[in-house]
2 protein chains.
Amino acid sequence: MSTIKDIAKYTGLSVATISKYLNGGNVLPENRKLLEKAVKKLDYRMNHIARGLKTRKSLTVGVLIPRLNNIFYSTLISHIEIALSAAGYSTIICAYQDDPDTELARLDFLLGKGVDGLLFIPLGSSSKCFNLLTASNVPVVMVDRTFEGIECDAVLSDNFGAAYNTAGYLSQNGHRRIGVILGPEGVYTADERHQGYTQAVRDFNLDPEPELIQRGNYGIDSGRSCMEKFLSMKNRPSAVFVTNYEMTIGAIIALEYGNIKIPDEVSIIGFDNLELAQTIKPPLTIVTQRLNKIAVEAVKLLLDRLRGNSGDNVTVKKFSTELIVRDSVKRI
Amino acid sequence: MSTIKDIAKYTGLSVATISKYLNGGNVLPENRKLLEKAVKKLDYRMNHIARGLKTRKSLTVGVLIPRLNNIFYSTLISHIEIALSAAGYSTIICAYQDDPDTELARLDFLLGKGVDGLLFIPLGSSSKCFNLLTASNVPVVMVDRTFEGIECDAVLSDNFGAAYNTAGYLSQNGHRRIGVILGPEGVYTADERHQGYTQAVRDFNLDPEPELIQRGNYGIDSGRSCMEKFLSMKNRPSAVFVTNYEMTIGAIIALEYGNIKIPDEVSIIGFDNLELAQTIKPPLTIVTQRLNKIAVEAVKLLLDRLRGNSGDNVTVKKFSTELIVRDSVKRI
DNA sequence: ATGAAAGCGCTAACAG
DNA sequence: CTGTTAGCGCTTTCAT
């Protein structure tokens, strides 16, 4: 592997000139030619490590997420990676497996790696990252979830609205007993959706029974057991909505298993995954989030910070969700 | 951010001693204490960029894959990331969106980034990466797919066996006209599965009609249109097997849409995704790959290379697939 | 066990 | 436009 010095030797020019050339500066046409030839001939490739040491930039962004084996996150990351690489950044991915200690450790790891910026889907209120985050100076954009009380850019879905409108839609269709399967307490999105739901219960005069709110852990099994709880109630909900993809799968498995007809016996609204929705019989009514927009906006905000054109105040964007109506809700 | 020099100033020791200490070398107990205190007090954190420049190691592994918004890859990456981070490596992910030029560009990018090693799921025979790959000296482990003629470690599924055995299973159940929906020609796994299928056609005396082999592009739509082609044949296959998750979804959508009963009218075997399989009615018989084992083995092989205990000859491991029998195949 | 010094490959004043 | 030079933060002989 040849270095800038080898090029200098080969061309007779100084390393400074070569550095300038490599960074798009002006050099004499003849020297440009010479350099192009030398670069090709010596198969020169920039050592980004060395450059990074000098410039204090790694052109690397850390992406810290709960898990990777989850279609919601992996789709989001896919869009993020495309947007970042288009801007010349590489993406270091760390998953913390839903664990607060791992979350902190991975954050520390990324910071230590010298990432220029961070895209972060934090655990939620049980997160231990607040201090480390505020102490470090790397720009952070929260994605999908955020912390209460932290001062940084965030790009979120309108989770409150998603839950509120979904319950509203069910109410319009005559449902009064509406079950909801939420994520764990303390997870930002789950809490917001919870509030949207309870507000809808008030506004639309829905049945306020506490057992209509079940909490899963976003896994398939938990979706299944939550739905089974609903089915075992003396007075079942007439409709259930589930707030992520995996739990939606679990809920449907429970219904299949119990031989419950959708939507005749129970109406159901799923979350996040259009593809799944179409394979189910009947096709599922679902709430989808604008993952592409969220990813692109988050990357944009981060790049603005990295390039220093952001000003002092933070930006928080919320994207509305979309209700895609199919056949899994019965009008009663 | 404090550096090793600040520590030197603070403790009165030399940078050499401090470097030694930081790397686990022996120092006098009293100095050790002093150093621990200094590190804490000055909030010292190693600059990995600087270290990397000197040691020529980045403790970073590149992972180059076709796409990220695909449950097969994202699950694989999830396992890979866990294994790599346990070994102290960070994972730079690049997706090439199934495009040969992007594949080459991203490979070049990763090599330029100074990754210590590479985990690579290449496009296949239309890949343009051969030269760059052999020219570079970074250790590479192929995952899931490999190149013909390249000399490097690889961890694969037994794709030939998967297709052969699946066709065999269908044949045992009395099927003679067996349709298969494969990936594109030139993709390693698709080619191997193709061979497995045609060998089974010979060995089990199946209907050898060429139209029974359809080629999709691994997308949902292509799965759907391939299945529609089967359905529109005057003489339909009695069973179809589909060779990835997304195309399986598409095939099922086609069946739902055409109101075709599974397995009474068409038997079907899917691929890769156990979760999906359970939400379908009836539950789907599927072929699954041992993603966790593949990921762990690939990381192990790469780490062995990075640590220099590998010897000269390459290792190619093949993991068998597993047929999970449910109710989507009819005995005829 | 510790320290002095050289240098990894590159950039950025500064001078010419 | 080009060259000289001084480092970025760390590791690594080689002395001591």
Side-chain angles (χ1 to χ4, degrees), chain A residues 1-39 42-60 88 90 111-116 136-138 308, chain B residues 1-39 42-60 88 90 109 111-116 136-138:
Chain A
M1 194 87 280
S2 59
T3 77
I4 206 174
K5 274 189 187 165
D6 299 318
I7 307 261
K9 217 166 288 169
Y10 183 89
T11 59
L13 294 164
S14 78
V15 291
T17 305
I18 295 162
S19 172
K20 207 164 148 222
Y21 161 76
L22 290 172
N23 290 290
N26 270 340
V27 289
L28 290 182
E30 47 191 289
N31 287 336
R32 156 160 273 109
K33 273 229 171 92
L34 191 60
L35 284 165
E36 280 165 0
K37 194 176 125 202
V39 164
L42 301 180
D43 187 34
Y44 169 80
R45 338 190 69 200
M46 168 81 69
N47 181 328
H48 288 84
I49 305 269
R51 165 187 273 179
L53 178 58
K54 185 66 186 180
T55 61
R56 321 188 128 288
K57 305 232 157 307
S58 62
L59 290 182
T60 294
S90 45
L111 260 18
K113 274 287 179 176
V115 295
D116 295 341
S136 101
N137 289 314
V138 309
Chain B
M1 193 91 277
S2 60
T3 76
I4 205 175
K5 273 189 187 165
D6 299 318
I7 306 261
K9 218 166 289 172
Y10 183 90
T11 59
L13 294 165
S14 78
V15 293
T17 305
I18 295 162
S19 171
K20 209 169 148 210
Y21 161 76
L22 290 171
N23 290 291
N26 270 340
V27 289
L28 290 180
E30 47 191 289
N31 288 335
R32 153 160 276 107
K33 274 229 173 92
L34 191 59
L35 284 166
E36 281 165 359
K37 194 177 124 203
V39 164
L42 301 181
D43 187 34
Y44 171 81
R45 336 189 71 202
M46 169 79 73
N47 181 328
H48 288 85
I49 305 269
R51 166 187 272 181
L53 178 59
K54 187 67 187 178
T55 61
R56 321 191 128 285
K57 305 232 158 309
S58 62
L59 290 183
T60 294
S90 45
F109 177 83
L111 260 17
K113 274 285 177 179
V115 295
D116 294 341
S136 102
N137 289 316
V138 308

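These numbers come from the heavy atoms of this one structure, side chains and all, not from hydrogens, waters or symmetry mates. Naming: A, B, ... by sequence-line order, numbering from 1 per chain.
- The CD1 atom of B:Ile18 sits 9.0 Å away from the CG atom of B:Leu34 when rounded to the nearest 0.5 Å.
- Distance from the side chain of B:Arg56 is smallest to C:dC8 among C:dC8, D:dC1, C:dT11.
- Side-chain proximity of B:Asn47 to the nucleotides D:dC1, D:dC10, D:dT11 is greatest for D:dC10.
- For DNA chain C, the residues of residues 9-18 of chain A within the heavy-atom distance limit of 4.0 Å (strictly under) are A:Ala16, sorted by number.
- When rounded to the nearest whole Å, the span between NZ of B:Lys54 and P of D:dT12 equals 7 Å.
- Per the geometry, CG belonging to B:Leu22 stands 11 Å off C1' belonging to D:dG9, to the nearest Å.
- Across all strands, A:Lys5 comes closer than 4.0 Å only to sugar-phosphate atoms, never to a base (heavy-atom distances).
- In this structure, the CD1 atom of A:Ile4 is 18 Å from the P atom of C:dG7, given to the nearest Å.
- Rounded to a whole Å, the CZ atom of A:Arg51 is 13 Å from the C1' atom of C:dA12.
- Atom NZ in A:Lys33 sits 11.0 Å away from atom NZ in A:Lys37 (nearest 0.5 Å).
- Across the interface with DNA chain D, nearest-nucleotide mapping of A:Lys20 and A:Thr55 shows A:Lys20 to be the residue nearer the 5′ end.
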Show me the donor-acceptor pairs, under 3.5 Å and distance only, between side chains in residues 7-15 of chain B and residues at least two apart or in other chains.
unit_1  : atom_1 : unit_2  : atom_2 : d
B:Thr11 : OG1    : B:Ile7  : O      : 2.8
B:Thr11 : OG1    : B:Leu13 : N      : 3.2
B:Ser14 : OG     : B:Ala16 : N      : 3.4
B:Ser14 : OG     : B:Thr17 : N      : 3.3
B:Ser14 : OG     : B:Thr17 : OG1    : 3.2

| task | Could you please spell out the steps behind the side chain to side chain contact (heavy atoms under 4.5 Å, CB included) verdict for B:Asn23 and B:Arg51? | result | CA-CA 11 Å; B:Asn23 290 291; B:Arg51 166 187 272 181; 2.6 Å; yes

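- Atom CG in B:Leu59 sits about 15 Å away from atom P in D:dC10, given to the nearest Å.
- Within 4.0 Å (heavy atoms only), B:Leu28 reaches sugar-phosphate atoms of the nucleic acid but no base atom.
- One can place CG of A:Asn23 at 17 Å from P of C:dG9, the figure rounded to the nearest angstrom.
- Remark: B:Phe109 CZ to A:Leu59 CG distance equals 7.5 Å, nearest 0.5 Å.
- Looking only at side-chain heavy atoms (C-beta outward), A:Asn47 and A:Thr3 stay at 4.5 Å or farther from each other.
- Between A:Met46 atom CE and C:dC8 atom P there is a gap of 17 Å when expressed in whole angstrom units.
- Within 4.0 Å of A:Tyr21, counting heavy atoms only, lies no atom of the nucleic acid at all.
- Note: CG (A:Leu53) to C1' (D:dG9) measures 6 Å, nearest angstrom.
- Residues passing the side chain to side chain contact (heavy atoms under 4.5 Å, CB included) test with A:Arg56, sequence neighbours excluded: none.
- B:Thr3 comes within contact range of the sugar-phosphate backbone alone, with a heavy-atom separation under 4.0 Å but no base atom that close.
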